[in-house]
Each structure stands twice: as structure tokens, then as C-alpha cells.
Amino acid sequence: MSAANADSAATLPDPATAPGGPAAPAGLSVVLPAYRDGHRIRATAAALREHLDSRLGTGPAAWEVVVADDGSDDGTAAAVLAEAAADPRIRLVRLDAPRGRGAALRAGVAASTGRRILLADAGLAVPPEELDRLEPLLAPPADLPADRNPHAPAPEAAEAAEAARLPVAVLGRTGSRLVRALGIPGVPGFRADTCGFALLDGDRARAAFAASALDGPAVDAEVTRLLRRESGPGAVAEVPVRRSAAPTGPPGRRRALADLWRLNAGGLAVAGVFLALSFYLFHGLWADLDGRYLRDALQDQNQWEWFTGVVTDNVTHLRNPLFTTAQGMPDGVNLMANATMLGLNVPFIPITLLFGETVTFALVLTLGMAASAWTWYWLIRRRFVRGRWAAAAGGALAAFAPPMVSHANGHPNFVVLFMLPLIVDRALRLCEGRRVVRDGVLLGLFAAYQIFIGEEPLLIAALGMLLFCLAYLAVDRRRALAAARPLARGLAIALAVCLPLVAVPLYWQFLGPQSYHSVLHGDNAGNSPRALIEYAARSLFGDAETAARLSMNTTEQNAFYGWPLLAFGTAVCVWLWRRPGIRALALTGAAALLLSLGPRVRLPLTDIVLPGPWAALAHAPLFESVIEGRVAMVCAPILGILLALALDGAARAGAREVRTLGLLAAAAAVIPVLPLPLAVRDRAPVPAFVTSGAWKDYVREGEALVPVPLPDPGQADALHWQVEADFGFRLAGGYFNGPWGEDRIGIYGAPPRHLSNLLRDVRYGAPAPEATPEWREQARRDLAHWKAGAVVLPSQDRADELRGLLTGLLGAEPERVRDVWVWRVGPR
């Protein structure tokens, strides 16, 4: 309690000796904060007396009304004292000066004695009859006889489970737009000029109000948060109630907003830290968005900026957002079957139009990683720890773990994961079985949106949640089976909501033009066992050469948690092993790491190859396209949760030595994997032939521009040319996922042709063959297939060899246009 609150409380009369002080604890305490309510408080007291006598009885301990006068300068106190003289169950608590509704409520609740507390307002804007809507949801008094208690707890083993599902507060919902808009959930009926209507467990309410600090009208929000934090996610329930009168009272909007700001200051500070950490990671890119390129992005930055641009171009020109022929001519690209992230690129269209694709790319990465950290922080604090900064450390590790930083080089779909904690939380709510329909509907909406952000992360997260369910079934069968029925029902509802929203896009993805059924990733897509305990290239203790040897490439360092962090997580699991949830998390993390090793596991320093558990999923639908090493990313939030639990436990330890040891162990585990800023390089300039618009004289509508060499997963700068030209021309070749062959197996890039392979080989060192008639005919067929309008050779290594080869194949000398050589090959 603040010093001001303590001073106010010191002036209060002792409830046992104040006028009307009860001799025994009451069954129900009605607490009414009042300020200048002398004109109506007696009528309110009479209405409450009549209803409570009929509802709870006339006994001296059946109920009490505590009027908390906020230092009124009218006749409020005298009116209450007059009522108290006639009925000792009506009591007055008075502050020495006006301090605010929160201070009055805190004083009134502290003076109450009821096993339950009803919060109302002095004008009874919500009639007392609405108590009947709230009461059935709250745990009934323990001494109420079973024959008078329609909600008596179940006997024996079921009793504990039933009690765990009962809330400790039931809030009447009449309207909460201000509060919800400011991110304060569960404070229905809040307005700046009226009291809420809520029924609370007496002991929990007194503890929560004693811990509160706000004196203004937003104390409802603060107390609700405290109740949720102390008693769990199901501590607070809401029911709609009827308002019989418009609220009246002094205006307090500004103070309410100030209180809400204070209440959210800690969360906003955490968000600011996450945003600063994310900006630190990408500051090299932000320093020069036009001239910098993420060094380790390979061609993924070019590809994702192209996705951003083509979605913007399609939508603004009212074209199909799921398909394009901008690259991959003539077949085109199935955008839904690629990481197009429509869920972000469509809302960001105004940003893209105003500032360009690179700004959108940088914003999505920077804001997305910060938002992901914040939602993991929110989930961890909501369900695992009370300490704000312990939860913040866990959220930061979940979002900025080494595999996330690796993917931040060019895979926004694998780092913008802010929906996954919300999906996990909604699934856990389904297990509680409270509001299955509502939670099922929201889960379906969340899943549908996540599909338009990233399907593979959602699939991996679903696999992780399935592993957790199986693990929980193994460690606590009774609870798992109890949660199975509401979970199954909620998942059915979620599926019914989600499928209609995604049916057409998914049909297009799997059965539409340029669809494919799997993607070839090679034999090294699984993690080496050493990759689990080594450090990533961009970790503080990382070694780029070691990480490169143990990973597919710089964007696929999918584990690399380091042995200290894994050892620390193991130690925390041992420490908290008695908790079923921790045992289930430990088993889930271990299973994810094993699956990430792939279908075949080579033991380090040996030639021994063992079958891996991923072999059971390698050819299953959907999983056949997953890079199995990415399954290790499931461990990032698990390690974040364990870190938060350890820090929270250390902070609350009684012995100073224990606190110090816990903090040092956490630091030793986390410091080696702290992220370094992502490296950048100068971006290859776009030829003046493109930026000047000179290409328009050589490539007509429906024709393709053919860069030399053609764009592919190894070199895709031409995609950036197209972005800079506002998608004015189409491209042969490209970097995307598409089908290859009659089996429609997924590959990266367009199906290669003889001419594209030849140009690529010569560019990277192969001798140029003689331009025989056979080669000239093949070149003509390939150019016709691509519907080529012009072949463009920019400045590069071996440009002279490529120029001579193309001159022989095409039978014509090129034109020098600005800074490129151009062969016009389309019909004239």
C-alpha cells in the first residue's frame, strides 16, 4: 500500500467499534463507495435492506452494507449514520478527504467482514436483483448447508477439480469499450464516472485491494489483474447484467486514463524493451534501407520483398492475390503455396505504397519479433509466473532465441509468431472447459489468421501442442482425460469456424495452378546432435564456421541453444519435477529435439547412422514439406518458460545466497546465446536500364525479360529489379516454390531449361561451348517458351564470355543500352 493510502487508512474507525460494527463475520458484505451521495444514500440503503433480507435472511450476520465515504462535504456521512442507528448491519467508513473511488473502495473492502463481497454503486445503477446472476458462478460459503446449496462441491476426488474451476470473482458486464480498447481485459461495466458491479470471494478481495495502488476509478482493472495473477486464468468470470439507471457522478475520464496508463506502464516498459532489442538486431538494415542488404539472407530478402510487392500490385489492380505470372514465365507462381504472408502484406499495403517494399520488410521483422516477444511474455505471466521481469526474460528468450535470430535473416514467417501464444492460451482455456463455444470460435479465428501469416510455423506449433498433450496424458492421466472432452469439443468448433475462412485459399494452394505436394530439401535438413549444444553464428559465443558446418545455411540454424542453456533448462525441470506441467514440458522439449534430428541420425565423430524418429512423419501429408530441423524451434518457448520460472523462484527465495545463485546460473545460461546484430552488406545496384524505364522499348505487354543468368535460388537480384520497376515487366526464371515434373514435386525456382543451365554454368566458370545449330535451336525454343521479349546482360564477372556465347546463339550483336547489353528477341 502506498504511503498516502496508509495515511488514509490510519484515520478510519475500527470496524468493530464503529457505529453498527458487527459482532460476527457476515455472509455477504455490500461495499458502496460514495461521494456527495447524501441525497440518495438512504434510499439505496433501504432498497438493499429489503432485497438482502428477502434473499439472505434477517439475521445479524447474514449480510452487511459498508458505505465507504470518500470525504464527502455534504450530508452523506450523517445519512449513513442515521441508517446505521436503525440497523447495525449498515456501517460507515469515512476518509478524511476526497482521494478517489479506488481509495474509498480499498477502505471499504478492508473494513468488510463478509465471506463474499458485492461491489456496487451508491445510486444502484445496476439493481441488487442482478446479484442472482452472479452468485451461482462464485464458490459458495463453506458453511452453507448442503441442502441449501445448489452448487455444493462434488465429493472426494472430484471436489478438488470442481473447486479449481470455480472463479473467485464474477464481474457484471454492462459495457467496457474504454477499458478493452486500452488492453484491460475483464473489467466489464467500467466507466470513469460509475462503480462496477461485482461479486468477489471475501478473503481474496481483501488481499487484492490491500495490494492495489490506484486511488482512481481504474482500480477495478488493477484488482482484476491481481485476482487473475494470484488465482490463475479462470479466477474471474463475467456475466451480463441489466443496468436500470444511467450512471451519475463527477466526471473522471482524465483520471481514469491516467490510472490506466499507470496500470499499463510496466507492460509498456516491457514492450519498449522488446522493441529496442528488435531494433538493435536490425539496426544495420535500418541505417540505410536503400543501400543495405542482410548479408546472411542469401536471396530470401529479395524474395520476400518481391512477395510484398506482388501482393500489393495484385490487390491494388484488383487481380487474384493467390497467383501471378510476374515471374516464372509462362507458368507463373502459386502465391498461396509460397510464404507470401497475406495476413501482413495486405494490411501493410499503404506502407508499401508510400515507402516501398524494403521498409515493409524491415518493419515486419522489427515489429513482428517485438510483438512475438510481448505475446510470449503475456502468456508466461498469465499462466506461469507473477514477476513481470521474469516473464519478460522468458518472452525475450522465446522470441530472440538463436534459431529465431537465424531465421530473422530473411524468413519473416518464422519470426513473426505473435499469434502462436494466443493460440496456445486459447487451447489451454478449452481444457478448462469454461466457455468452450467462445474459446473455440476465437481459436478458429486465430488459426485462420495464422494460416495467412505462416502455415509451417502453425503446423510445427500444433505438433508441439500434440506432443505436450501426449506427455501430459502420461504424467497426469486423470487431469488429461478430464480436459479431453472440452478440448475436443472446442477443437471441433474451431475447425468449423476456420475451414470456411481458409477453404478457397487452401484449395488453391494444394489443387490450383502451379501447386505441388512436397518440397525437396536434401538429406541434411535434420539437425546434427552437435547443433543442439553448439552456438549459432549470431550468438555472442558463436563461431560462424562451426555453425556453418552443422547447418543447411545461415538462415537454417534451427537449434544451437548451447549446452549451458540446455543444462540450465534440465536443472529447472529437475527442481520443479513435482509439477505435472513441468514434466510434460520437459518431455515435449526432449521429443522435439529428437524429432529435429531427422529420419537418419549420424553419431558425431563416427560413421554410425541410426534411424531417427522423424522417419515416421517424413512422408506424411503436410509434414513431407517440413524442414525437420525446424521442429527444434518448439524448444524456444519451453526454455523461455523455464527461464521465467527460475528467475521468479530466485527472486522470491528467502535466502540471499539462493537468490544470487539462481540469478548467476540464469546469466551463465543466457549470456552465451545473446543475439548479435544481424550483419549487412551493400546491396547490388539496380541497372539504370531498369530504373530509367528504358526496358519499356524492348519488352512488350505479355513478354518476359530474360536476365543473364536467369534468376534462381542462388542469385535473384532480378526480383529486386522488378520491384523497382513497379512490376512493369515479367521475368523468366525466378525464386519461389513450384512444381517440377509429372509428379509435381516441389522445387525452389522455375523448372530449369537447357539455356538457363548453360548460362548459369558459364557465369560460374564453365567454358562456353561452340554455338552449334543444335544449341541455337535449343536457345530459340527456350526463349519462345519463356515468351521472351529481350535478353539483358548486366555487368558482372565473365560478362565477356557470356556476351560472346549469346551473340553466337542468337545470331546477332547486342545493343548497349545504358549500363547493360540487350538482345531484342521478341517479335518486332
Side-chain angles (χ1 to χ4, degrees), residues 1 5-6 8-35 37 41 44-45 48-49 51-53 55-57 59-70 76-77 80-81 83-84 87-95 99-122 124 126 128 131 134-135 138-144 168-172 195-212 215 219-220 222-224 226-227 230-231:
M1 184 182 294
N5 295 336
S8 299
T11 66
L12 300 177
D14 185 345
T17 60
L28 175 70
S29 295
V30 181
V31 178
L32 303 176
Y35 180 73
D37 286 308
I41 195 65
T44 296
L48 284 171
R49 181 190 299 111
H51 175 76
L52 296 175
D53 277 346
R55 179 70 176 78
L56 300 177
W63 57 268
E64 67 176 356
V65 174
V66 180
V67 179
D69 180 15
D70 187 26
T76 299
V80 176
L81 290 173
E83 287 295 317
D87 190 338
R89 296 173 298 180
I90 298 175
R91 305 163 52 213
L92 172 67
V93 174
R94 189 165 191 268
L95 302 184
R99 298 185 184 276
R101 174 175 171 273
L105 269 176
R106 188 179 299 110
V109 170
S112 69
T113 64
R115 289 185 295 271
R116 289 173 295 173
I117 295 175
L118 176 68
L119 305 181
D121 69 293
L124 291 184
V126 177
L131 174 62
L134 276 57
E135 194 172 33
L138 197 65
D143 60 348
L144 190 61
V168 299
V170 185
L171 309 180
C195 301
F197 190 78
L199 183 65
L200 304 90
D201 175 84
D203 291 337
R204 301 289 183 90
R206 281 182 282 271
F209 272 97
S212 65
D215 287 341
V219 71
D220 302 278
E222 183 182 20
V223 167
T224 300
L226 290 170
L227 289 171
E230 295 299 321
S231 303

For Asp53, the side chain to side chain contact (heavy atoms under 4.5 Å, CB included) test, sequence neighbours excluded, returns Arg49, Thr58, Trp63, Arg89

Taken in chain and number order and not counting sequence neighbours, the residues that satisfy salt bridge (charged side-chain N to carboxylate O under 4.0 Å, His left out) with Arg204 are none

Rounded to the nearest 0.5 angstrom, the CG-CG distance for Leu32 and Leu118 is 8.0 Å

Hits for salt bridge (charged side-chain N to carboxylate O under 4.0 Å, His left out) against Asp69, two or more places apart or cross-chain, chain-then-number order -> Arg94

message: Measuring only between side-chain heavy atoms, which start at C-beta, is Leu28 closer than 4.5 Å to Leu199?
response: yes

Distance col, row Leu48:CG vs Ile41:CD1, nearest 0.5 angstrom, shows 8.5 Å

From CA spacing to verdict: salt bridge (charged side-chain N to carboxylate O under 4.0 Å, His left out), Asp121, Arg101:
CA-CA 10 Å; Asp121 69 293; Arg101 174 175 171 273; over 6 Å; no

Side chain to side chain contact (heavy atoms under 4.5 Å, CB included) with Val93: of Val31, Val66, Val67, Val109, only one passes, and it is Val66

Output for pair (His51 NE2, Leu124 CG), nearest 0.5 Å, gives 10.5 Å

Nearest heavy-atom approach of Ala26 to Glu64 is CB-CG, 3.9 Å

What one should report as the nearest heavy-atom pair of Ala61 and Pro25 is CB-O, 3.6 Å

Practice item. For residues Asp215 and Arg106, determine if any side-chain heavy atom of one lies less than 4.5 Å from a side-chain heavy atom of the other. Key: yes

Residues Ala104 and Ala68: closest non-hydrogen pair is O-CB, 3.1 Å

With sequence neighbours left out, the residues meeting side chain to side chain contact (heavy atoms under 4.5 Å, CB included) with Ala208 are Val223, Leu226, Leu227

Correct closest heavy-atom pair for Arg91 and Ser112 would be NH1-CA, 4.3 Å

What one should report as the nearest heavy-atom pair of Ala122 and Ala34 is CB-CB, 4.3 Å

Rounded to the nearest 0.5 Å, the CZ atom of Arg116 sits from the CG atom of Leu131 at a distance of 7.5 Å

With sequence neighbours left out, the residues meeting side-chain hydrogen bond (donor to acceptor under 3.5 Å, both in side chains) with Thr44 are none

Between the CG atom in Leu119 and the CZ atom in Phe209, the distance rounded to the nearest 0.5 Å is 5.0 Å

_Main chain of Tyr35, side chain of Thr76: is a donor-acceptor contact present, judged purely on distance under 3.5 Å?_
no

Smallest heavy-atom separation, Gly100 atom then Asp70 atom, equals N-OD2, 2.9 Å

| said: What verdict does the side-chain contact (heavy atoms from CB on, under 4.5 Å) test give for Arg206 and Ile117, after you've listed the backbone C-alpha separation in whole Å, the side-chain angles of each residue and the deciding distance to 0.1 Å? | reply: CA-CA 9 Å; Arg206 281 182 282 271; Ile117 295 175; 3.7 Å; yes

